[in-house]
Peer 1: 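Input: one structure, supplied below.
Nothing here was measured: the structure is a model prediction, and the numbers come from that model. Lettering follows sequence order; numbering is per chain, from 1.
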Number of protein chains: 2
Amino acid sequence: MQIMTVARKVRGDDTRERILTAALAVFAERGFDGARTREIAERADANLGLIKYYFEGKERLWKAAVTRAFEELQEELAAGADVPPGADAVAALEQVVRRFVRFVARRPEFMRLMNDEAKRDSPRMRWLADRFVGPMTAALDAQLARARAQGLVGAVSPVSLRYIVLGAAGLVFSQAPECRYLTGVDPTDPKFAERHADAVVALVRTAVAPRRRRR
Amino acid sequence: MQIMTVARKVRGDDTRERILTAALAVFAERGFDGARTREIAERADANLGLIKYYFEGKERLWKAAVTRAFEELQEELAAGADVPPGADAVAALEQVVRRFVRFVARRPEFMRLMNDEAKRDSPRMRWLADRFVGPMTAALDAQLARARAQGLVGAVSPVSLRYIVLGAAGLVFSQAPECRYLTGVDPTDPKFAERHADAVVALVRTAVAPRRRRR
DNA sequence: GTCTATAATTAGATAGAC
DNA sequence: GTCTATCTAATTATAGAC
């Protein structure tokens with residue numbers, strides 16, 4: 001970053017942030033190929049040339065926007081680990097699930113973007129998998145392994161289970177516009193999201209720990 | 001369709017079919033905006049001009065490809081209704097789920113395309129919802145209502161339940177390339193797909209009919 | 001029916017003034 | 001830092017030969 005007055009720095013950082021936010025939205029809506037940098041600039045109320053100034057180009061802008069989204073997710077998942085270390089592995093798993101649901105309810109763009117990139121083998125998919133998805137599911141899989149060690153396992157393959165949970169948790173939000181049009185229900189409404197989280201958590205409980213008594 | 005010799009008709013129909021198949025694949029991979037008609041023509045090993053000849057343009061080609069995909073899905077779901085009319089509503093629901101899983105395992109493009117269009121409010125989304133998604137989920141919701149009438153209901157909202165089932169069933173397949181890269185497992189392998197169907201069906205059973213004994 | 005060639009539009013990138 | 005203006009390359013659409 002070059003030398004600049006404080007005022008300029010603040011203003012510039014703000015513009016940079018607005019571009020990042022707009023970029024996440026547009027990339028999520030249109031996919032990388034379909035997204036137009038002009039639309040991103042317009043939504044950010046910024047000049048087209050500033051994309052090159054701040055991010056060099058479309059590809060790097062995409063990476064910056066995705067990185068920011070994952071940082072937010074990681075904050076959400078880490079915030080106040082209110083499940084004690086010695087506790088039930090299933091309880092810990094449930095908390096992760098609940099927080100994930102809350103996050104995608106708040107940021108449905110995240111789910112949309114992931115859906116879009118995970119569906120074909122590309123350098124961007126591998127970049128995402130190596131940098132974020134792999135490490136983060138390693139953590140999830142560790143939770144599953146703990147549950148397994150405590151004798152709480154369904155016969156479900158861990159691969160199936162992971163995508164079942166992610167899909168069950170996320171699809172209403174990634175497809176929110178269709179859901180609104182078809183049912184009149186707005187999934188991003190926090191009250192709906194919380195009840196949806198309940199449903200997914202209940203599901204995880206029965207799937208992972210079939211022997212456990214329902215509360 | 002204009003008058004033509006039999007040979008020409010056959011050859012033309014074949015080209016038309018190849019374009020439709022390629023179109024579904026490319027639209028699913030890139031999204032409508034990102035898809036290029038040139039790529040569709042190349043994959044179909046057909047001339048670019050034939051897209052106008054057969055389908056008038058990109059939009060109508062998309063509609064034709066989607067219609068064909070839904071017809072296939074409907075065939076899959078309708079094929080040999082081997083659940084008798086008087087039978088358990090949960091059993092009927094499970095069969096629908098199992099068949100849906102088999103279908104998306106065979107045609108992951110379907111799930112990808114739906115994910116892509118359902119994520120924003122557009123004329124195409126509404127066209128899909130009015131023409132296919134609405135009517136087909138009306139059938140699914142009827143199954144759920146039957147289960148409800150038989151006293152087999154979880155407290156889950158039908159909206160949540162629908163997207164939970166679709167997401168749990170479909171995400172591994174729509175994200176198959178990521179899954180392959182990350183875990184080495186190929187979800188489209190029929191053996192995996194069948195075990196995944198087992199898992200989703202077990203899940204539906206506990207979610208919809210929590211009182212039911214596990215087999 | 002299938003092809004070549006091209007028109008019209010739009011994309012990402014960028015030069016250079018301020 | 002932000003803007004206008006423009007370049008180059010791609011895109012869809014299409015006219016017209018065979």
Peer 1: If I take atom CZ in residue B:Phe32 and atom P in nucleotide D:dT11, what distance separates them, rounded to the nearest angstrom?
Peer 2: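 One finds 15 Å between P of D:dT11 and CZ of B:Phe32, rounded.
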Peer 1: Might you confirm whether atom CZ of B:Arg60 has over 12 heavy atoms from other residues, nucleotides or ligands at distances under 6.0 Å?
Peer 2: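 Incorrect, the count does not exceed 12.
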Peer 1: Is A:Ala35 touching bases, backbone alone, or none of the nucleic acid, heavy atoms closer than 4.0 Å?
Peer 2: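 Since only primed, P, OP1 and OP2 atoms lie under 4.0 Å of A:Ala35, the category is sugar-phosphate.
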Peer 1: Just to be sure I understand the rule, does A:Ile51 reach a base, reach only the sugar-phosphate, or reach nothing, if contact means heavy atoms closer than 4.0 Å?
Peer 2: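 Counting heavy atoms under 4.0 Å across all strands, no contact is made by A:Ile51.
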Peer 1: Can you confirm whether A:Arg162 sits close enough to B:Leu182 that some side-chain heavy atom of one is under 4.5 Å from a side-chain heavy atom of the other?
Peer 2: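 Sidechains of B:Leu182 and A:Arg162: in contact.
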Peer 1: Expressed in angstrom and rounded to an integer, what is the separation of B:Leu48 atom CG from D:dG16 atom C1'?
Peer 2: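 It is 15 Å, rounded to the nearest whole Å.
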Peer 1: Grab the CD-P distance between B:Glu56 and D:dT14 for me, whole Å please.
Peer 2: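 After rounding, the reported distance stands at 7 Å.
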Peer 1: Measure from NZ on A:Lys52 to P on C:dA15 and round the result to the nearest Å.
Peer 2: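 Taking NZ of A:Lys52 and P of C:dA15, I get 7 Å after rounding.
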Peer 1: Distance check: side-chain N/O of B:Tyr53 vs OP1/OP2 of D:dT14, anything under 4.0 Å?
Peer 2: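 No, because none of the side-chain N or O atoms of B:Tyr53 sits under 4.0 Å from OP1 or OP2 of D:dT14.
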Peer 1: Starting at atom OH of B:Tyr54, determine the distance to atom P of D:dA13, rounded to an integer number of angstrom.
Peer 2: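 Rounded to whole Å, this separation is 18 Å.
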Peer 1: Indicate whether any N or O donor in one side chain lies under 3.5 Å from an N or O acceptor in the other, for A:Tyr54 and A:Glu17.
Peer 2: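 No pair is found: no donor N or O on one side chain lies under 3.5 Å from an acceptor on the other.
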Peer 1: Judged by each residue's nearest nucleotide on DNA chain D, which is more toward the 5′ side, B:Lys58 or A:Asp45?
Peer 2: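 Of the two residues, A:Asp45 wins.
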Peer 1: Roughly, in whole Å, what's the span from CZ in A:Arg36 to P in D:dA10?
Peer 2: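 Computing the A:Arg36:CZ to D:dA10:P distance gives 19 Å.
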Peer 1: To the nearest angstrom, how far is B:Arg30 atom CZ from D:dA10 atom C1'?
Peer 2: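 In whole Å, D:dA10 C1' and B:Arg30 CZ are 14 Å from each other.
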Peer 1: Out of curiosity, B:Arg124 CZ to B:Trp127 CH2, how far, rounded to the nearest 0.5 Å?
Peer 2: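 Nearest 0.5 Å value for the CZ-CH2 distance: 11.0 Å.
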Peer 1: Using the side-chain heavy atoms of A:Arg38, tell me which of these nucleotides is nearest: C:dA13, D:dA10, D:dT2.
Peer 2: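 The nucleotide sitting nearest to the side chain is C:dA13.
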Peer 1: Measure the distance from CG on B:Leu50 to C1' on C:dC3 and round it to the nearest whole Å.
Peer 2: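 So the CG-C1' distance, B:Leu50 to C:dC3, works out to 8 Å.
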Peer 1: Whether B:Thr37 contacts D:dA13 is assessed here as follows: a side-chain N or O lying under 4.0 Å from the phosphate OP1 or OP2. Is that the case?
Peer 2: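 B:Thr37 to D:dA13 OP1/OP2: no side-chain N or O under 4.0 Å.
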Peer 1: Nearest 0.5 angstrom please: A:Lys119 NZ to B:Asp116 CG, how far?
Peer 2: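 So the NZ of A:Lys119 and the CG of B:Asp116 are separated by 4.0 Å.
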Peer 1: For the side chain of A:Asn47, starting at C-beta, report the closest nucleotide among C:dC3, C:dA13, D:dT4.
Peer 2: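 Taking heavy atoms from C-beta onward, the closest nucleotide is D:dT4.
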